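All remarks here apply to the structure that follows.
As the structure is a prediction and not an experimental result, all values here were calculated from the model. Protein chains get the first letters and strands the later ones, always in sequence-line order, with residue 1 at the start of each. The basis for the numbers below is simple: all heavy atoms, side chains too, and nothing from hydrogens, waters or symmetry mates.
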Number of protein chains: 2
Amino acid sequence: MHEKLRQHIEKIVPLTDDEFAFISAHFTTKKFKKHQFMIQEGDTVRYCYFVISGLLKLVHTDKGGKPHIVSFAMEDWWESDYYAFFTQTEATLSLECLEDTEVLCCTLEDYNKLCNGLQKMQRFFLEKANFGFLGSQRRIISWLTSNSKERYEQLIKQYPSLMQRVPKSLIASYLGVSRETLSRLSA
Amino acid sequence: MHEKLRQHIEKIVPLTDDEFAFISAHFTTKKFKKHQFMIQEGDTVRYCYFVISGLLKLVHTDKGGKPHIVSFAMEDWWESDYYAFFTQTEATLSLECLEDTEVLCCTLEDYNKLCNGLQKMQRFFLEKANFGFLGSQRRIISWLTSNSKERYEQLIKQYPSLMQRVPKSLIASYLGVSRETLSRLSA
DNA sequence: TTATATTCGTGATGTATGTCAAGTCCGGAT
DNA sequence: ATCCGGACTTGACATACATCACGAATATAA
């Protein structure tokens with residue numbers, strides 16, 4: 001089942017069997033049920049996660065108690081409260097399962113061992129980080145240049161499956177509009 | 001003058017003189033005047049830039065021709081149209097000087113040579129990429145959870161000098177509001 | 001200097017969106 | 001089958017913001 005991880009990494013750097021065995025040793029498997037929290041606000045964040053199957057939402061709750069979806073994470077995505085993970089501080093985000101989910105877990109210590117022990121792996125994480133940054137920048141640009149309807153259409157074009165898998169109120173939260181407004185956009 | 005680069009890198013990884021000499025050899029210096037374009041839409045993006053001094057704006061122009069500020073870049077920042085830089089495709093962003101500016105330039109080839117030739121440097125870029133991602137994510141959260149006035153206050157708190165260095169219309173563009181609205185927020 | 005552009009504020013008005021409220025539809029639990 | 005709660009839509013109204021217009025102050029250039 002770590003095989004999915006291997007395929008994922010080999011999209012960026014080829015691996016020998018020995019190398020993958022080394023990598024694999026730094027991950028553990030966990031399963032979560034729908035509605036379970038993988039990270040809750042205030043937790044110490046032990047892991048970053050590679051999603052084997054399932055679907056997650058990364059959520060920030062504002063002072064007024066209103067939740068906002070920072071991102072979704074589906075198969076082949078890496079997710080965590082990365083700020084808390086990297087700085088080993090308390091989580092300000094929560095990570096919750098929208099479906100039954102299976103993940104591979106990597107501690108910060110193992111993340112660093114992977115980077116230091118295998119140059120290819122550091123290269124892999126560098127690529128991931130760069131493209132993660134570009135994805136966020138793209139979302140910022142989308143927000144600066146497009147109205148709600150256009151952003152909605154861009155989202156369903158980019159992730160068509162999302163519409164079938166999550167309620168529209170969560171899509172609305174991700175886009176930063178109310179669920180009522182989103183409902184009216186389709187017209 | 002590459003000395004600023006050394007100090008900057010050594011905030012993350014310590015370097016020997018030999019190592020820094022190796023690094024230094026992969027950068028060239030350039031100077032630009034206020035209003036000069038370092039990157040224009042449609043250009044091939046030869047470099048990513050480390051800002052020694054001065055101030056830049058990274059801009060996306062929408063279909064209607066309206067410019068939107070994706071980010072500012074000041075001393076000690078790295079900037080480019082990274083998507084175009086990494087994928088060697090045409091720039092969709094422009095990079096323009098708001099002040100006379102001095103930068104160190106690094107081609108993608110040199111970037112890769114640095115990563116492959118010196119593990120410390122790959123580690124450095126990994127840290128930069130991770131924190132760049134976290135910065136963008138923070139901005140997205142700020143947008144999801146705060147109104148214009150709050151986002152404005154967060155910005156001046158985070159970068160007080162920006163207010164003295166750029167016209168408010170650019171701040172407005174960065175925040176995604178009209179200059180008139182920004183003008184009324186102070187009240 | 002004078003001329004010209006840039007910056008900034010402010011009023012009037014239209015529009016997009018949030019909020020509150022009601023009601024329908026549907027699936028899960030008992 | 002009945003009940004209940006979540007998902008979604010739609011209307012009414014309030015509000016934040018964009019846009020257009022104008023003028024004053026300031027900077028920049030000839």
Side-chain angles (χ1 to χ4, degrees), chain A residues 33-37 55 57 59-69 72 96-100 140-156 160-187, chain B residues 32-37 54-55 57 59-69 72 96-100 140-156 160-187:
Chain A
K33 288 279 176 192
K34 184 171 177 173
H35 295 133
Q36 256 191 295
F37 281 86
L55 183 60
K57 63 173 178 180
V59 173
H60 175 81
T61 304
D62 65 27
K63 323 142 215 161
K66 197 187 293 180
H68 303 269
I69 299 213
F72 297 102
E96 185 182 349
C97 298
L98 297 173
E99 301 174 356
D100 292 357
I140 290 170
I141 291 173
S142 164
W143 156 53
L144 288 172
T145 61
S146 308
N147 62 30
S148 301
K149 183 165 188 176
E150 290 165 337
R151 294 206 313 280
Y152 175 63
E153 284 159 358
Q154 287 164 22
L155 181 65
I156 58 180
S161 72
L162 215 52
M163 308 308 298
Q164 274 68 54
R165 294 172 73 177
V166 307
K168 291 196 175 181
S169 57
L170 297 187
I171 304 283
S173 172
Y174 177 87
L175 292 172
V177 299
S178 69
R179 67 180 210 291
E180 293 94 333
T181 295
L182 185 70
S183 174
R184 285 182 251 257
L185 288 183
S186 321
Chain B
F32 295 88
K33 289 278 177 194
K34 184 173 178 173
H35 295 132
Q36 256 190 295
F37 281 87
L55 184 61
K57 63 173 177 179
V59 173
H60 174 81
T61 304
D62 65 27
K63 324 142 215 162
K66 196 187 294 182
H68 303 269
I69 298 212
F72 297 102
E96 184 182 349
C97 298
L98 297 172
E99 301 174 356
D100 292 357
I140 289 170
I141 291 173
S142 165
W143 154 53
L144 288 172
T145 61
S146 308
N147 61 31
S148 302
K149 183 164 188 175
E150 290 165 337
R151 294 206 313 280
Y152 175 62
E153 284 160 358
Q154 288 164 20
L155 182 65
I156 58 181
S161 72
L162 215 52
M163 308 307 299
Q164 275 67 55
R165 294 171 74 178
V166 308
K168 292 196 174 181
S169 57
L170 297 187
I171 304 282
S173 172
Y174 177 87
L175 292 173
V177 299
S178 69
R179 61 177 189 77
E180 292 94 335
T181 294
L182 185 70
S183 175
R184 285 181 251 256
L185 288 182
S186 320

| query | Is there a donor-acceptor pair under 3.5 Å between the side chain of B:His60 and the backbone N or O of A:Ile141? | reply | no
| Shortest non-hydrogen contact from B:Val59 to B:Pro67? | CG1-CB, 3.8 Å
| field | Gap separating the OG atom of A:Ser146 from the CG atom of A:Leu155, nearest 0.5 angstrom | value | 12.0 Å
| What string of B, S and - do you get for nucleotides 11-18 of chain D, 5' to 3', if B is base contact, S is sugar-phosphate-only contact and - is no contact with any protein heavy atom under 4.0 Å? | BB----SS
| task | State the OH-CE distance between A:Tyr152 and A:Met163, to the nearest 0.5 angstrom. | result | 3.5 Å
| message | Going by salt bridge (Lys or Arg N to Asp or Glu O under 4.0 Å), name the residues that satisfy it together with A:Glu153, two or more places apart in sequence or in a different chain. | response | none
| field | Bend angle of the helix from C:dT1-D:dA30 to C:dT30-D:dA1, end axes from five pairs each (to 10°) | value | 50°
| query | Under 4.0 Å between a side-chain N or O of B:Lys168 and OP1 or OP2 of C:dT6? | reply | no
| request: Using whole Å, report how far CD of B:Gln164 lies from P of D:dA27. | output: 14 Å
| said: Rounding to an integer number of Å, can you tell me how far A:Leu175 CG sits from C:dA16 P? | reply: 17 Å
| remark: What one should report as the nearest heavy-atom pair of A:Val177 and A:Arg151 is CG1-NH2, 4.2 Å
| Taking CG from B:Leu98 and C1' from D:dT28, how many angstroms apart are they, rounded to a whole number? | 17 Å
Which atoms of nucleotides 26-30 of chain C (N or O only) lie under 3.5 Å from a protein N or O atom, and what are those distances?
none

| query | Listed by chain and number, what are the side chain to side chain donor-acceptor pair (under 3.5 Å) partners of B:Thr61, not counting sequence neighbours? | reply | none
| message | Which residues pass the salt bridge (Lys or Arg N to Asp or Glu O under 4.0 Å) test with A:Asp62, not counting sequence neighbours? | response | none
| Check: B:Ser173 side chain, B:Ile69 main-chain N or O, donor-acceptor pair, under 3.5 Å | yes
| field | A:Asp100 side chain vs A:Lys33 backbone, donor-acceptor pair below 3.5 Å | value | no
